[in-house]
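What follows is a short report on a single structure.
Everything numeric here is computed off the predicted structure, so don't read it as measured data. No hydrogens, no waters, no symmetry mates; every other heavy atom, side chains included, goes into these values.
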Amino acid sequence: MKNTINSETITSKTITKTIPNLKQFSMKKITLLSLIAIFLISCSGKDAGAPAQQAPTLPVLEVADETATTETEFPVAIQGKTDVEIRAQVSGTLDKIFVDEGAYVSQGQPLFKINDNPYRQQYNNAKASLNAAEASVINAQIEVDKLTPLVQNKVVSDYQLKTAKANLSIARANVAQTRAVLGNAEINLGYTLIKAPVSGYIGRLPRKQGSLISPADPEALTKLSDIKEVYAYFSLGENDFINFKNQYKGNTIGDKLKNLPPVSLVLSDNTIYNQGGKVDMVDGQFDKTTGAITLRAKFPNAGGLLRSGNTGKVKISIQHPNAIVIPQEATIEIQDKVYVVLLDSKNAITRQPVTVSGKSGTDYLIREGIKAGDRIVLKGFENLPDGATIIPEKTKKAVAKI
């Protein structure tokens with residue numbers, strides 16, 4: 001114990017003699033400064049040894065400038081080629097119904113029979129009147145024939161002959177009049193048997209046998225649809241119609257419709273109808289209420305799968321020359337603006353606003369903001385700030401045909 005104490009005492013005295021300024025510091029201050037120095041040295045050593053953060057590797061797409069084809073869908077209402085309301089043209093009691101709901105009928109096939117007794121009597125009366133009028137003509141002609149030689153021989157005056165000829169004219173007029181009445185009665189009698197004006201499918205039958213029917217009835221006896229071909233009607237707004245016209249060659253609407261490719265019909269269950277259609281008609285004017293114009297697409301329907309009243313969507317292909325198509329996942333939307341992450345020559349990223357001109361599936365059609373040859377980051381950029389550097393991972397070039 002003594003040796004240790006003496007040794008410490010000697011060392012302290014020696015240091016005091018060598019460095020006189022240390023007398024101003026206590027031993028506690030020297031110890032504190034030493035600890036601080038050691039801590040700083042330790043921290044600087046750790047920083048020097050830490051590895052630098054590596055730039056992330058992200059997929060990058062080089063955009064292409066090519067002709068793109070997009071498909072636009074429009075809601076449609078489907079009607080048969082011929083949709084006819086079957087109505088009575090004369091009043092009476094519905095005696096017979098020859099068809100059932102949903103049945104297919106041929107043109108000229110009987111559908112309904114109205115009690116014809118009143119109309120048959122009218123026909124018989126008109127026919128009898130015609131016979132009487134024709135007999136009057138014969139009598140008037142006999143009178144003229146009798147008086148003609150008498151007048152020539154000056155036995156009677158020509159006044160009697162003129163009167164006879166006038167009576168003959170009246171008799172002939174009566175014949176014409178009664179013949180017209182007979183014809184009208186014959187038409188009304190024919191109206192008591194209602195036949196199919198076209199071939200097609202029968203709709204609902206709201207009136208039953210024994211019902212009193214009239215031409216003034218608000219509801220038709222049934223509806224008959226010729227659906228060997230069906231028409232799908234859809235509407236385009238003014239801007240859509242202008243774009244539609246500008247897409248295809250031709251000086252007239254008819255020429256443009258000829259150059260329009262076939263269209264598809266999407267049914268209500270989102271399946272595609274198995275036959276393509278053709279747009280064959282554009283309405284003559286815009287609807288003043290909706291500001292839209294109606295177009296018609298025609299689809300074959302030999303199998304009868306489609307019926308009048310079906311709904312769906314018609315899908316039209318539209319060409320976009322010199323278009324840029326990118327995946328929707330390569331964009332980010334901020335305050336109603338769409339951005340892509342653009343990569344410069346040093347692989348630094350920048351958010352670039354773009355203008356989207358259309359959408360097809362999961363892809364965007366870009367009108368402004370980027371050009372062919374630009375590189376964009378496909379994904380993984382959400383948390384990276386502008387100016388950050390990445391390692392690009394090449395991906396397949398964008399396919400411009402959708």
Looking at every non-hydrogen atom in both residues, tell me the closest pair between Leu295 and Ile293 and how far apart they are.
CD1-O, 3.7 Å
Quick one: salt bridge (charged side-chain N to carboxylate O under 4.0 Å, His left out) partners of Lys113, sequence neighbours excluded?
Asp116
Say whether, by atom type as modelled, one donor and one acceptor occur between the side chain of Asn301 and the main chain of Leu305 under 3.5 angstrom.
yes
Under a 4.0 Å threshold between the charged nitrogen and the carboxylate oxygen, would Glu134 count as salt-bridged to Arg179?
yes
Could you tell me whether the side chain of Val151 reaches within less than 4.5 Å of the side chain of Lys154, counting heavy atoms only?
no
With rounding to the nearest 0.5 angstrom, report the CG to CZ distance, Asp386 to Arg351.
5.5 Å
Contacts of type salt bridge (charged side-chain N to carboxylate O under 4.0 Å, His left out), residue Lys379, not counting sequence neighbours
none
State the NZ-OG1 distance between Lys127 and Thr178, to the nearest 0.5 angstrom.
13.0 Å
Sub-3.5 Å donor-acceptor pair from the side chain of Gln109 to the main-chain atoms of Ala196, do we have one?
no
I need the minimum non-hydrogen distance between Lys298 and Glu229, along with the two atoms involved.
CD-OE1, 3.5 Å
Asn184 side chain vs Ala180 backbone, donor-acceptor pair below 3.5 Å:
no
Does Val155 offer a backbone N or O that forms a donor-acceptor pair with the side chain of Asn153 under 3.5 Å?
no
Exam field: side chain Ser199 to backbone Gln107, donor-acceptor pair closer than 3.5 Å
yes
With a sphere of 6.0 Å drawn around CZ of Arg204, does it hold more than 12 non-hydrogen atoms of other residues, nucleotides or ligands?
no
Residues, nucleotides or ligands: over 12 heavy atoms within 6.0 Å of Asp269 CG:
yes
With side-chain contact (heavy atoms from CB on, under 4.5 Å) as the test, would you mind laying out the steps for Lys208 and Leu94 before giving the verdict?
CA-CA 7 Å; Lys208 305 305 178 184; Leu94 187 59; over 6 Å; no
Take Ile366 and Thr355, measure what side-chain contact (heavy atoms from CB on, under 4.5 Å) needs, and give me the verdict at the end.
CA-CA 6 Å; Ile366 305 301; Thr355 302; 5.9 Å; no
So Asn139 and Ser136, side-chain hydrogen bond (donor to acceptor under 3.5 Å, both in side chains) or not? Walk me through it.
CA-CA 5 Å; Asn139 288 332; Ser136 297; 5.5 Å; no
Supply the atom-to-atom distance Asp283 CG to Ile253 CD1, rounded to the nearest 0.5 angstrom.
11.5 Å
Spacing of CD1 belonging to Ile202 relative to CD1 belonging to Ile86, to within rounding of 0.5 Å
6.5 Å
Check against ring pair (Phe, Tyr, Trp, His ring centres under 6.0 Å), Phe286 and Phe241:
CA-CA 10 Å; Phe286 281 84; Phe241 183 63; 5.8 Å; yes
CG of Asn259: more than 12 outside heavy atoms within 6.0 angstrom?
yes
Could you pull out the closest heavy-atom pair between Leu221 and Arg87, with the gap in Å?
CD1-C, 4.3 Å
Tell me, do Asn174 and Gln177 make a side-chain contact under 4.5 Å, heavy atoms counted?
yes
Asn347: partners by side chain to side chain contact (heavy atoms under 4.5 Å, CB included), with sequence neighbours left out:
Leu343, Arg375, Thr389, Pro392
Mind listing the closest non-hydrogen atom pair of Pro300 and Gln275 along with its distance?
CG-OE1, 3.1 Å
So, Lys278 side chain and Leu257 main chain: donor-acceptor pair closer than 3.5 Å or not?
yes
Any idea which heavy atoms bring Tyr233 and Met281 closest together, and the distance?
CE2-CE, 4.0 Å
ring-ring contact (aromatic ring centres under 6.0 Å, His included) partners of Phe74, counting only residues at least two apart
Phe234
Quick one: does Leu58's side chain get under 4.5 Å of Ile391's, heavy atoms only?
no
Are Phe112 and Thr222 close enough that some pair of their side-chain heavy atoms sits under 4.5 Å apart?
yes
How about CD on Gln285, more than 12 heavy atoms from neighbouring residues, nucleotides or ligands closer than 6.0 Å, or not?
no
Are the side chains of Ile376 and Phe381 in touch, meaning some heavy atoms are under 4.5 Å apart?
no
Near Lys256 NZ, under 6.0 Å, is it more than 12 heavy atoms from other residues, nucleotides or ligands?
yes
Check the pair Ile78, Leu265 against side-chain contact (heavy atoms from CB on, under 4.5 Å), reporting the backbone distance first and the verdict last.
CA-CA 10 Å; Ile78 297 174; Leu265 180 63; 3.9 Å; yes
Identify the two heavy atoms, one from Val175 and one from Leu130, that lie closest to each other, and give their separation to 0.1 Å.
O-CD1, 3.5 Å
Quick one: list whatever passes side chain to side chain contact (heavy atoms under 4.5 Å, CB included) with Lys228, sequence neighbours left out.
Tyr104, Asp226
Check: Lys371 main-chain N/O paired with Asp374 side-chain donor or acceptor under 3.5 Å
yes
Between the side chain of Ser169 and the main-chain N/O of Lys165, is any donor-acceptor distance below 3.5 Å?
yes
Got a second to check how far Thr82's OG1 is from Leu224's CG, nearest 0.5 Å?
8.5 Å
Hey, what do you get for OG (Ser129) to CG (Leu182), rounding to the nearest 0.5 Å?
9.0 Å
Given side chains that start at C-beta, do those of Phe299 and Val263 come closer than 4.5 Å, heavy atoms only?
yes
side-chain hydrogen bond (donor to acceptor under 3.5 Å, both in side chains) for Gln121 and Asn125? Distances and angles first, verdict last.
CA-CA 6 Å; Gln121 292 302 320; Asn125 289 334; 5.5 Å; no
Sequence-distant partners of Glu238, salt bridge (charged side-chain N to carboxylate O under 4.0 Å, His left out), two or more places apart:
none
Ser214 side-chain N/O to Ala216 backbone N/O, donor-acceptor pair under 3.5 Å
yes
Heavy-atom check, side chain of Ile227 versus side chain of Tyr201, under 4.5 Å:
yes
Check: Leu161 and Val156 side chains under 4.5 Å, non-hydrogen atoms
no
Between Arg207 (side chain) and Leu212 (backbone), is there a donor-acceptor pair under 3.5 Å?
yes
